[in-house]
Amino acid sequence: MECVVQGIIETQHVEALEILLQGICGVHRDRLRVHEICLKNNPNLGNVASEVRLLCDLEQPEPTWTVKHLGGAMRGAGAEQISVLVRTMVESKVSKNALRLFNALGYKLDHELLRVGFAFHFQRGAQITVTVSSVNKMLKLHATDEAVPVTPGIQLVEVTAPASSENYTEVASAVSSFCEYLAPLLHLSKPGVSTGVVPTAAAAAVSLMSDGGGTTLFSSHTTRIKTVDWLA
């Protein structure tokens, strides 16, 4: 199970977002270059269609593969009352022959993407991961070197955190609280809920990039981030 929110940001403001995340997280970023292959099966009568994603980490000296299955989102009154999406998720490391295996099991290629950017991994009330990436499509099958942006000038921001049926409420609260610090640059919401680009992004980015008003201070001995002038 995981909690997740998404948003978009203009590429010209990504550097400012990175500065902000560096100050909040207190850790260095990891480079991100992932080839994502989405596979779906054709269900037999009475069965439900299944979708899996094969993720190839191209940043590693020897590319590594992960299979990821995303289940349905939590529904009901409890789900409506929280600002993040809670869904089932299972993932595992696999060998480079995984694509051949899933094809043999009846799965067919639905689409493939190349995500290029960076990620931050840190602990802040939950084990949170923030990824910022351009999403690119392949013009030819598996041709990652020829990938082109799906939405030029726009990058996807995703915040995720693992959860369980016992603690998803606390994890969702931690994710929501963290997202408030990013509000001047972008708005994060449940996947599928489009909120567009934040009007204050340009001003917030200028403040962050400037020498005077753009520094976010973080201390491992405190639990709060000192307010900078554009958050006041």
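Residue indices begin at 1 and follow the sequence shown. Computed from heavy atoms alone, side chains included, the values below leave out hydrogens, waters and symmetry copies.
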Between [X] and [Y], is there a donor-acceptor pair closer than 3.5 Å when you use the side chain of the first and the backbone of the second?
| X | Y | answer |
| --- | --- | --- |
| Ser176 | Ala172 | yes |
| Ser177 | Ala174 | no |
| Asp110 | Lys108 | no |
| Gln22 | Val27 | yes |
| Ser173 | Thr169 | no |
| Lys137 | Leu114 | no |
| Thr88 | Met1 | no |
| Ser133 | Val135 | no |

Quiz item: Which pairs pass ring-ring contact (aromatic ring centres under 6.0 Å, His included) with one or both residues in residues 71-93, sequence neighbours excluded?
Solution: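 Non-adjacent pairs meeting ring-ring contact (aromatic ring centres under 6.0 Å, His included): zero.
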
Practice problem: For the residue pair Phe178 and Phe122, categorise the inter-ring angle as parallel (less than 30°), tilted (30 to 60°) or perpendicular (more than 60°). | Solution: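 Tilted.
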
Minimum heavy-atom separation for [X] and [Y], please, with both atom names.
| X | Y | answer |
| --- | --- | --- |
| Ile154 | Glu10 | CD1-CG, 4.0 Å |
| Ala16 | Leu208 | O-CD1, 3.5 Å |
| Cys179 | Val159 | SG-CG2, 4.5 Å |

Residues [X] and [Y]: side-chain donor-acceptor under 3.5 angstrom:
| X | Y | value |
| --- | --- | --- |
| Asn167 | Glu170 | no |
| His142 | Glu112 | yes |
| Thr144 | His35 | no |

Practice problem: Please list, chain by chain and in numerical order, all residues satisfying side chain to side chain contact (heavy atoms under 4.5 Å, CB included) with Val34, sequence neighbours excluded. | Solution: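 Val34: side chain to side chain contact (heavy atoms under 4.5 Å, CB included) contacts with Leu32, Leu55.
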
Quiz prompt | Stepwise salt bridge (Lys or Arg N to Asp or Glu O under 4.0 Å) check, Glu59 with Arg33 | solution = CA-CA 6 Å; Glu59 275 297 322; Arg33 184 177 176 84; 5.6 Å; no

Quiz item: Where do Leu188 and Val157 land on the side chain to side chain contact (heavy atoms under 4.5 Å, CB included) test, with the steps shown first?
Solution: CA-CA 8 Å; Leu188 294 154; Val157 181; 4.1 Å; yes

Exercise. Give the C-alpha distance, both sets of side-chain angles, the deciding distance and a yes or no for side chain to side chain contact (heavy atoms under 4.5 Å, CB included) between Leu156 and Arg115.
Key: CA-CA 9 Å; Leu156 175 69; Arg115 301 181 186 272; 3.4 Å; yes

